[in-house]
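A note on names: the letters A, B, ... follow the listed sequences, proteins ahead of strands, and every chain is numbered from 1. When reading the values below, keep in mind they use all heavy atoms of this one structure, side chains included, and skip hydrogens, waters and symmetry mates.
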Amino acid sequence: MILSLDFFKRPTLEICPELLGKFLIRKIGKKEISGFVTEAEAYVGMDDKACHAARGKTKRNAVMFEPGGIWYVYLCYGMYWMLNIVTEEKDFPAAILIRGIKTVEKHFNGPGKLTTSFQINKGLNGKSATPQSGLWFEDRGVSLSSKDIKQGKRIGINYAGSWQHKPWRFFISN
DNA sequence: TATTTGATTCTT
DNA sequence: AGAATCAAATAT
């Protein structure tokens, strides 16, 4: 079952743990790659100093202000694409960074590595998370017990002051 | 117009 | 500990 766009128009911290165990499907031409989400981080609102939208709307983060269900893709450190799914309603800037994916062959840990293997780039920025765009989420009935879901501090945002300590990174244990 | 800086990862 | 490498944000 393909996740509807409405799935993402809800509180980000509610969606983030639910995304674990959901499948990410990437279609490239005739090929299809899929794997389930093992790790994700929430970036919520203008008050969150770690969130790109914290300093107002800019060219880069404009899609975060759009309604939930679209991709926010951008280049970091000049070499790695970050894949985020925008959440919540229009004019509320929030998104979830996908940090880890487990496919049948391989476990990609690290946002840069998974975007490289899924061939994700700027072309998807602002596109909806539907099969038409070639990248979307599916619920394939994998249910995780709450003991498998762990929380921790977000990574790589030491500039964000006290916000770096928020336990908004969700991941699957083992 | 110039400089700084990352939601990273791999090499030394 | 440092490099790779660049667009956008910030400083000048």
Those residues that, when tested against [X], pass side chain to side chain donor-acceptor pair (under 3.5 Å) (two or more places apart):
X      : result
A/S173 : none
A/E105 : none
A/D148 : A/S145

Check each residue of [range] for a non-hydrogen atom within less than 4.0 Å of any atom in DNA chain B, then write out the ones that pass by number, or none.
range                       : result
residues 163-173 of chain A : none
residues 107-119 of chain A : A/G110, A/P111, A/G112, A/K113
residues 79-97 of chain A   : A/Y80, A/M82, A/N84, A/L97

Just by distance, do the side chain of [X] and the backbone of [Y] share a donor-acceptor pair under 3.5 Å?
X      : Y      : result
A/T116 : A/G112 : yes
A/T38  : A/I172 : no
A/E138 : A/F23  : no
A/K127 : A/G123 : yes

Output a table of nitrogen or oxygen pairs between the protein and nucleotides 10-12 of chain C separated by less than 3.5 Å.
residue, atom, partner, partner atom, Å
C/dT10, OP1, A/R55, NH1, 3.1

Give the rounded distance in Å between these two atoms: [atom1] of [X] and [atom2] of [N].
X      : N     : atom1 : atom2 : answer
A/Y74  : C/dT5 : OH    : P     : 19 Å
A/N61  : B/dG6 : CG    : P     : 15 Å
A/R60  : C/dC6 : CZ    : C1'   : 11 Å
A/I120 : B/dT8 : CD1   : C1'   : 15 Å
A/N158 : B/dA7 : CG    : C1'   : 11 Å
A/L75  : B/dT9 : CG    : P     : 13 Å
A/E41  : B/dA7 : CD    : C1'   : 6 Å

What is the nucleic acid contact for A/R99, judged by heavy atoms within less than 4.0 Å: base, sugar-phosphate only, or nothing? sugar-phosphate
Mind checking if A/K122 touches a base, just sugar-phosphate, or nothing, with heavy atoms under 4.0 Å? sugar-phosphate
Does anything in residues 38-50 of chain A pair up under salt bridge (Lys or Arg N to Asp or Glu O under 4.0 Å), and if so which pairs, sequence neighbours excluded? A/E39-A/R99, A/E39-A/R169, A/E41-A/R99, A/D48-A/R154
A/L114 to A/I98 - nearest heavy-atom pair and separation: CD2-O, 3.5 Å
Heavy atoms only: give me the nearest A/K147-A/K150 pair and the separation to one decimal.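 Of all heavy-atom pairs spanning A/K147 and A/K150, the closest is O-CE, 4.1 Å.
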Determine all donor-acceptor pairs shorter than 3.5 Å in which one atom belongs to a side chain in residues 61-76 of chain A; sequence neighbours excluded.
residue, atom, partner, partner atom, Å
A/N61, OD1, A/T58, N, 2.9
A/N61, OD1, A/T58, OG1, 3.4
A/N61, ND2, A/H52, O, 3.0
A/N61, ND2, A/G56, O, 3.2
A/N61, ND2, A/T58, OG1, 3.2
A/W71, NE1, A/L135, O, 3.1
A/Y72, OH, A/H52, ND1, 2.8
A/Y74, OH, A/H52, NE2, 3.4

Could you summarise the pairing of DNA chain C as dot-bracket text, marking Watson-Crick and G-U pairs under 3.5 Å with ( ) or [ ] inside the strand and | across strands? ||||.||||||.
Does A/R10 reach the side chain of A/E18, with side-chain heavy atoms less than 4.5 Å apart?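 Yes, their side chains come closer than 4.5 Å.
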A/W163 vs A/I157 side-chain heavy atoms within contact, under 4.5 Å: no
Roughly how far apart, to the nearest Å, are C/dT5 and B/dA2 at atom P?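 Roughly 23 Å separates the two P atoms.
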Check residues 85-93 of chain A and write down every donor-acceptor pair under 3.5 Å in which the side-chain atom is one partner and the other belongs to a residue at least two apart or another chain.
residue, atom, partner, partner atom, Å
A/T87, OG1, A/T12, OG1, 2.8
A/E88, OE2, A/T12, N, 2.7
A/E88, OE2, A/T12, OG1, 2.7

Please work out which of the three classes, parallel, tilted or perpendicular, describes the rings of A/F118 and A/F108, given edges at 30° and 60°. perpendicular
Give the C-alpha distance, both sets of side-chain angles, the deciding distance and a yes or no for ring-ring contact (aromatic ring centres under 6.0 Å, His included) between A/F8 and A/F137. CA-CA 11 Å; A/F8 300 100; A/F137 283 110; 5.8 Å; yes
With centres under 5.5 Å and planes under 30°, do A/Y77 and C/dA4 count as stacked? no
Working to the nearest 0.5 angstrom, can you tell me the gap between A/M82 CE and A/I120 CD1?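 Reported to 0.5 Å precision, the distance equals 11.0 Å.
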Out of curiosity, A/K102 NZ to A/L24 CG, how far, rounded to the nearest 0.5 Å?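 It comes to 14.5 Å.
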Expected rows: protein N/O vs nucleotides 1-4 of chain B N/O, under 3.5 Å:
none

Looking at A/K9, I want to see if its NZ is surrounded by more than 12 non-hydrogen atoms of other residues, nucleotides or ligands under 6.0 Å. yes
